Amino acid sequence: MKIHYLKTPVKDNVLERLKAGDIVYLSGDIFTARDTAHKLTCKLIKSGKKVPFNIKGEIVYYCGPAPGIKKGSVGSCGPTTSSRMDRHTPLLLKKGIKAMIGKGVRSDKVIKSIVKNKAVYFAAPAGLGALLSKCIRKSEVLAFGELGPEAVYRFHIEDMPLIVAVDSKGKCIYKA
């Protein structure tokens, strides 16, 4: 197990060096999306319409943040169960997403897509949403604002602690 300090955008050769079980402290810009945002984004892609935010080379955090006290701040924002996004993930990886952050196991189909697209799946510590919110320095709504906490947000984060759950070779911490 190694410890890495990464800054977005993360280059492909850096992602390819990560191994399942490695610890990562991630800084830079990421975006959030949960179930409905995934569904809407994939619907736009499939219909040939433009997605209202860039996904190529990005990292998506499966999270719906609670409102913060001050404008632009974020309350608790722990990871949601990643398997709920599995049916949309292969298409989004094909369109350029390089990494995902969530909690729990992924389907075999998603793991195969991670390998095919040389991507990575990070696990965020579950049950620590309030602590993870302290890593967020800036927040803004990017798309689907009508969804409230499930809108797509851009977060600027600093040293968010993550575990490489599935590496670009398909090795998974959840499987022996």
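Position 1 is the first residue of the sequence, and the numbers go up from there. Source: prediction; values computed, not measured.
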Is the backbone N or O of Ser113 less than 3.5 Å from a side-chain atom of Asn117, with the two atoms forming a donor-acceptor pair by type?
-> yes
Give every residue pair that meets the salt bridge (Lys or Arg N to Asp or Glu O under 4.0 Å) criterion with at least one member in residues 91-100, sequence neighbours excluded.
-> Asp12-Lys98
For Tyr153, what residues pass the side-chain hydrogen bond (donor to acceptor under 3.5 Å, both in side chains) criterion, not counting sequence neighbours?
-> none
Considering residues at least two apart in sequence or located in another chain, which fulfil the salt bridge (charged side-chain N to carboxylate O under 4.0 Å, His left out) criterion with Asp35?
-> Arg84
Donor-acceptor contacts under 3.5 Å from residues 128-136 side chains, at least two apart:
unit_1 : atom_1 : unit_2 : atom_2 : d
Ser133 : OG     : Ala130 : O      : 2.6

Taken in chain and number order and not counting sequence neighbours, the residues that satisfy salt bridge (charged side-chain N to carboxylate O under 4.0 Å, His left out) with Asp159 are none
Sub-3.5 Å donor-acceptor pair from the side chain of Asp22 to the main-chain atoms of Met1, do we have one?
-> no
Using the test salt bridge (charged side-chain N to carboxylate O under 4.0 Å, His left out), find all partners of Glu16 that sit at least two apart in sequence or belong to another chain.
-> none
Decide whether Met85 and Val115 are clustered together by the hydrophobic rule: side chain heavy atoms of Ile, Leu, Val, Met, Phe, Trp, Tyr closer than 4.5 Å, transitively.
-> no
Please list, chain by chain and in numerical order, all residues satisfying ring pair (Phe, Tyr, Trp, His ring centres under 6.0 Å) with Phe144, sequence neighbours excluded.
-> none
Less than 4.5 Å apart, any side-chain heavy atom of Ile157 and any of Ile30?
-> yes
Could you pull out all residues at least two apart from Ser82 that satisfy side-chain hydrogen bond (donor to acceptor under 3.5 Å, both in side chains)?
-> Tyr121
For residues 103-127, which residue pairs qualify under salt bridge (Lys or Arg N to Asp or Glu O under 4.0 Å), counting only residues two or more places apart or in two chains?
-> Asp86-Arg106, Asp108-Lys175
Those residues at least two apart in sequence (or on a different chain) that pass ring pair (Phe, Tyr, Trp, His ring centres under 6.0 Å) with His38 are Tyr62
Side-chain donor-acceptor contacts of residues 43-54 below 3.5 Å, not counting sequence neighbours, with atom names and distances?
unit_1 : atom_1 : unit_2 : atom_2 : d
Ser47  : OG     : Lys43  : O      : 3.1
Ser47  : OG     : Leu44  : O      : 3.1
Asn54  : OD1    : Lys56  : N      : 3.2
Asn54  : ND2    : Lys56  : O      : 3.3

Can you check whether Lys19's main-chain N or O pairs, donor with acceptor, with Asp167's side chain at less than 3.5 Å?
-> no
Residues at least two apart in sequence or cross-chain that pass salt bridge (charged side-chain N to carboxylate O under 4.0 Å, His left out) with Asp29, listed by chain then number, are none
